[in-house]
Amino acid sequence: MRKKKVLFLLISVLMISALLSACSKNSGTSPEPSPAAPEPGASAGPQPSAAKWQGEIQISLPNASASVWNAVAQAYMAINPGVKVKVDHKPQEGYKEWLSAQFAAGTPEVDLITNNEILNLAGDKKFVDYYPYFDKNNPYTGKDWKDSFDLGAMGINLDGIGVEDHLWNLNFESVQIVWVYNKEIFRQAGVTETPKTFSDLTAAFDKIKAAGYIPLGLAGDSNSMWSSTAGWLVRIYADQYMRDFVNITRSQPQDYTYLPEVDEEWVFDPKDPYNDSNSKVTKNALRAWKAIEDKSGPFKVAGNPAWAAYSENLKKLFSYTPDGFFGVKDTQAYQLFLTGKAATMLSTPGSYWKLPKDFSDEEKTGAQGGVKPFEYGFFNMPSMEGPQVQGAARTIQIPVGSYGIVNKSAEQNALNMDFMMFLTSPEGYKVYVEAIQKSPDASLDGAPALKDITLPDEMTAAFTDFAPIGNTEGYDSAANVLARGLWDYQPSIQDWVGSVQKYFAGKISTDQYLNELQANIDKYFDVALKERKMERSDLDTPEKRPPARN
């Protein structure tokens with residue numbers, strides 16, 4: 001019986017971490033470890049002693065805390081004195097462009113990056129595949145490295161991994177997108193309960209707006225509309241109307257993606273928020289592309305009543321954002337919430353302990369000495385309602401991190417993996433979370449998918465307060481691949497941002513907006529397909545794996 005992985009990845013985020021957004025002088029491209037470490041797939045044996053590790057590791061992550069990662073670096077260098085770890089983080093804004101320029105110039109000097117925004121480079125072997133290292137011994141635990149992870153929480157089924165399957169980035173932390181609200185503003189506006197439905201939410205926002213506050217502190221610049229807070233809402237709410245995508249994209253018995261032990265018993269149930277999860281049913285991306293080409297079901301945008309109902313509700317939701325919305329950045333939107341001007345924002349459970357730090361942060365608040373703290377709370381996604389809605393609102397609740405290793409020489413790759421083994425061990429992760437507690441600019445956004453670790457009591461308590469409502473991320477759904485333009489193809493996204501700006505400003509009607517979005521999708525279909533190294537002829541036989549192309 002043929003087996004295939006069941007795995008879902010992030011794309012934002014982040015996002016947020018957002019959910020949220022991707023550099024050695026060595027030019028080698030071999031992904032195999034050096035003779036200093038066993039070949040992937042070989043029997044596990046003792047690792048080289050720490051004294052044998054020599055070299056340099058460079059880390060550049062977007063919007064990460066320098067104090068936290070320097071603490072991890074210092075702890076690692078104390079055990080491995082022959083290694084120098086350099087931390088040089090970059091701003092989120094411009095990170096993708098910076099990384100792309102690094103690769104365009106040759107092999108980047110940086111080693112550990114966040115690569116979710118440049119995964120198109122994976123086909124050119126620019127990153128190291130994690131899978132071959134999972135069977136290796138982690139010298140910091142004495143176990144196989146795979147035993148350090150809660151693979152189920154990470155969405156990985158190792159029994160289904162084939163020779164064509166790769167893991168280009170590691171997601172062992174988690175995120176759940178939730179609403180955060182200012183309880184004092186809600187009380188002043190006469191809102192006594194947190195919203196459960198979209199009607200509840202807009203009614204509350206009307207009262208809050210009448211009381212002189214901004215109902216929703218949300219960024220609206222291009223980055224936010226694509227991969228951050230605004231983009232999250234665009235896709236999360238589209239999902240309510242397009243849950244039946246899976247009936248089109250699910251693997252059929254003749255498909256190369258079909259996994260009988262998973263797919264044979266599956267039955268569509270939109271009331272189950274986990275019905276379409278990758279652990280319950282496999283999907284065939286070619287069938288999604290074919291549906292876009294044929295304009296089938298929810299993959300037809302123009303003239304589709306479900307898309308129209310969703311778009312009109314989305315426009316209403318975004319009408320509660322700050323003035324000059326499309327010029328507002330994430331940092332500015334956050335400042336509106338911190339300073340008590342905005343009543344709500346989108347965030348993660350990490351705000352549970354991050355907000356108290358940020359109230360006193362002069363840079364984040366823009367106020368000398370910070371601002372007076374206020375009481376805040378959380379609520380889950382209120383559900384849109386109506387005849388076109390297929391299921392209750394879900395959220396983005398996924399493993400995150402997207403830690404990628406730049407592919408260099410075998411020796412450098414092995415060294416970088418050793419650092420990651422340390423980070424994910426109880427010893428290394430303890431340094432990490434304790435540094436987060438002490439840091440003025442860091443938080444943990446969700447429970448990590450790591451075994452044998454112990455979190456501080458306040459972190460454990462924070463994560464238990466957030467009920468799961470289902471996940472929308474990681475599927476080739478109409479909501480994910482069409483709501484912001486065509487399938488993350490950047491020129492298409494840019495055109496969509498222009499259209500949605502006109503739509504939200506009332507310059508075009510709902511039908512005109514959807515016609516523009518459909519024309520956008522059709523315009524970029526062939527070039528976006530080519531970027532994925534596919535051609536229209538592949539869609540004529542979606543049951544067959546596309547041929548490898550350079």
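Starting from 1, each residue takes its place in the sequence as its number. Note: hydrogens, waters and symmetry copies are ignored here, and every other heavy atom, side chains too, is used.
Taking the six-membered ring for Trp and thresholds of 30 and 60 degrees, Trp487 and Trp289 have nearly parallel ring planes, at less than 30 degrees apart. Taking the six-membered ring where tryptophan is involved, the planes of Phe379 and Phe186 are tilted, since the angle between them lies from 30° to 60°. Using bins of under 30°, 30° to 60° and over 60° for the plane-to-plane angle, the ring pair Trp98/Tyr95 lands in the tilted bin. Taking the six-membered ring where the residue is Trp, Trp168 and His166 present parallel rings, their angle staying beneath 30° rather than reaching 60°.
Residue Lys209 holds its NZ atom at 6.0 Å from OG of Ser319, rounded to the nearest 0.5 Å. A distance of 8.0 Å separates CG in Leu517 from OG in Ser311, rounded to the nearest 0.5 Å. If you take CD on Glu97 and NZ on Lys90, they are separated by 13.5 Å, rounding to the nearest 0.5 Å. From Glu385, atom CD reaches atom OG of Ser383 across 7.0 Å, with rounding to the nearest 0.5 Å. Here the OG-CD1 distance, from Ser222 to Ile493, works out to 10.0 Å after rounding to the nearest 0.5 Å. Between the NE2 atom of His89 and the CD1 atom of Ile59 there is a distance of 7.0 Å, given to the nearest 0.5 Å.
In terms of heavy-atom proximity, Pro62 sits nearest to Gln92 at CB-OE1, 3.6 Å. When all heavy atoms of Ala479 and Ala483 are compared, the pair lying nearest together is O-CB, 3.1 Å. Residues Leu216 and Pro322 approach most closely at O-CD, 3.3 Å, considering heavy atoms.
Between the side chain of Trp307 and the backbone N or O of Ala302, no donor-acceptor pair lies under 3.5 Å. Here the side chain of Asn480 pairs no donor or acceptor atom with the backbone of Asp476 at under 3.5 angstrom. Side-chain N or O atoms of Thr339 include none that pairs as donor or acceptor with a backbone N or O of Thr365 at under 3.5 Å. Distance alone, capped at 3.5 Å, places no donor-acceptor pair between the Gln58 side chain and the Leu112 backbone. The main-chain N or O of Val301 is found under 3.5 Å from a side-chain atom of Gln518 such that the two form a donor-acceptor pair. Checked by atom type and distance alone, the side chain of Ser224 pairs as donor or acceptor with a backbone atom of Ala230 at under 3.5 Å. Without hydrogens or angle criteria, Thr348 side chain to Gly350 main chain gives a donor-acceptor distance under 3.5 Å. Proximity of a side-chain donor or acceptor of Asp358 to a complementary backbone N or O of Asp361 within less than 3.5 Å is not detected. Without hydrogens or angle criteria, Ser100 side chain to Lys96 main chain gives a donor-acceptor distance under 3.5 Å. Looking only at distances, no side-chain donor or acceptor of Glu473 sits under 3.5 Å from a matching main-chain atom of Ile396.
Taking the six-membered ring wherever Trp is involved, the centroid distance between the rings of Phe378 and Tyr181 does not fall below 6.0 Å. Two rings, from Tyr334 and Phe337, have their centers 6.0 Å or more apart.
Taking the side chain as every heavy atom from C-beta outward, Asp330 and Asn223 approach each other to under 4.5 Å. Side-chain contact between Leu167 and Phe127 is absent, with no heavy-atom pair separated by less than 4.5 Å.
Under the ring pair (Phe, Tyr, Trp, His ring centres under 6.0 Å) criterion, Tyr130 pairs with no residue, sequence neighbours left out. Shown here are the side chain to side chain donor-acceptor pair (under 3.5 Å) partners of Trp496, two or more places apart in sequence or in another chain: Tyr513. With sequence neighbours left out, Ser443 forms a side chain to side chain contact (heavy atoms under 4.5 Å, CB included) with Trp353, Lys354, Asp445. Remark: Tyr274 engages no residue in a ring pair (Phe, Tyr, Trp, His ring centres under 6.0 Å) (not counting sequence neighbours). By the salt bridge (charged side-chain N to carboxylate O under 4.0 Å, His left out) test, Lys196 pairs with no residue at all, sequence neighbours left out. When the ring pair (Phe, Tyr, Trp, His ring centres under 6.0 Å) test is applied to Phe325, the partners found at least two apart in sequence or on another chain are Phe318. In this view, Thr331 and Lys329 satisfy the side chain to side chain contact (heavy atoms under 4.5 Å, CB included) rule, not counting sequence neighbours. For Phe245, the ring pair (Phe, Tyr, Trp, His ring centres under 6.0 Å) criterion is met by no residue, not counting sequence neighbours. Here Asn313 pairs with Phe198, Tyr241, Met384 under the side chain to side chain contact (heavy atoms under 4.5 Å, CB included) rule; sequence neighbours left out. By the side chain to side chain contact (heavy atoms under 4.5 Å, CB included) test, Glu375 pairs with Lys183, Glu184, Arg187, sequence neighbours left out.
Glu363 CD: 12 or fewer foreign heavy atoms inside a 6.0 Å radius. Counted within 6.0 Å of NZ on Lys341, heavy atoms from surrounding residues, nucleotides or ligands total 12 or fewer; the atom is thus considered open. Within a 6.0 Å sphere centred on NZ of Lys507, heavy atoms belonging to other residues, nucleotides or ligands number 12 at most. By the 6.0 Å contact criterion, NZ on Lys530 is open, its count of non-hydrogen atoms from other residues, nucleotides or ligands being 12 or less.
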side-chain hydrogen bond (donor to acceptor under 3.5 Å, both in side chains) evaluation trace for Glu531 with Tyr524 = CA-CA 11 Å; Glu531 186 182 61; Tyr524 291 110; over 6 Å; no

Where do Asn169 and Asn115 land on the side-chain hydrogen bond (donor to acceptor under 3.5 Å, both in side chains) test, with the steps shown first?
-> CA-CA 7 Å; Asn169 57 28; Asn115 68 355; 2.9 Å; yes

Pair Arg243-Asp239, salt bridge (charged side-chain N to carboxylate O under 4.0 Å, His left out): steps then yes or no = CA-CA 6 Å; Arg243 201 71 59 82; Asp239 171 73; 3.2 Å; yes

Determine, step by step, whether Thr197 and Ser199 satisfy the side-chain hydrogen bond (donor to acceptor under 3.5 Å, both in side chains) criterion, reporting the C-alpha distance in whole Å, the side-chain angles of both residues, the deciding distance to 0.1 Å, and the verdict.
-> CA-CA 5 Å; Thr197 68; Ser199 296; 4.6 Å; no

Steps toward side-chain hydrogen bond (donor to acceptor under 3.5 Å, both in side chains) verdict (Ser492, Asp495) = CA-CA 5 Å; Ser492 177; Asp495 285 2; over 6 Å; no

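Residue pairs that meet the side chain to side chain donor-acceptor pair (under 3.5 Å) test with at least one member in residues 293-303, sequence neighbours left out, are Lys290-Glu293, Glu293-Arg536, Lys295-Asp522. Within the structure, the salt bridge (Lys or Arg N to Asp or Glu O under 4.0 Å) test picks out no pair touching residues 310-325 (sequence neighbours left out).
Side-chain contact of Tyr403 with Thr114: a donor-acceptor pair under 3.5 Å is absent, judged by distance alone. Side-chain polar atoms of Tyr503 and Glu516 form no donor-acceptor pair below 3.5 angstrom. No donor-acceptor contact under 3.5 angstrom links the side chains of Ser277 and Asn471, judged on distance only.
Under 4.0 Å is where a charged nitrogen must lie from a carboxylate oxygen, and between Arg394 and Asp276 at least one such pair does.
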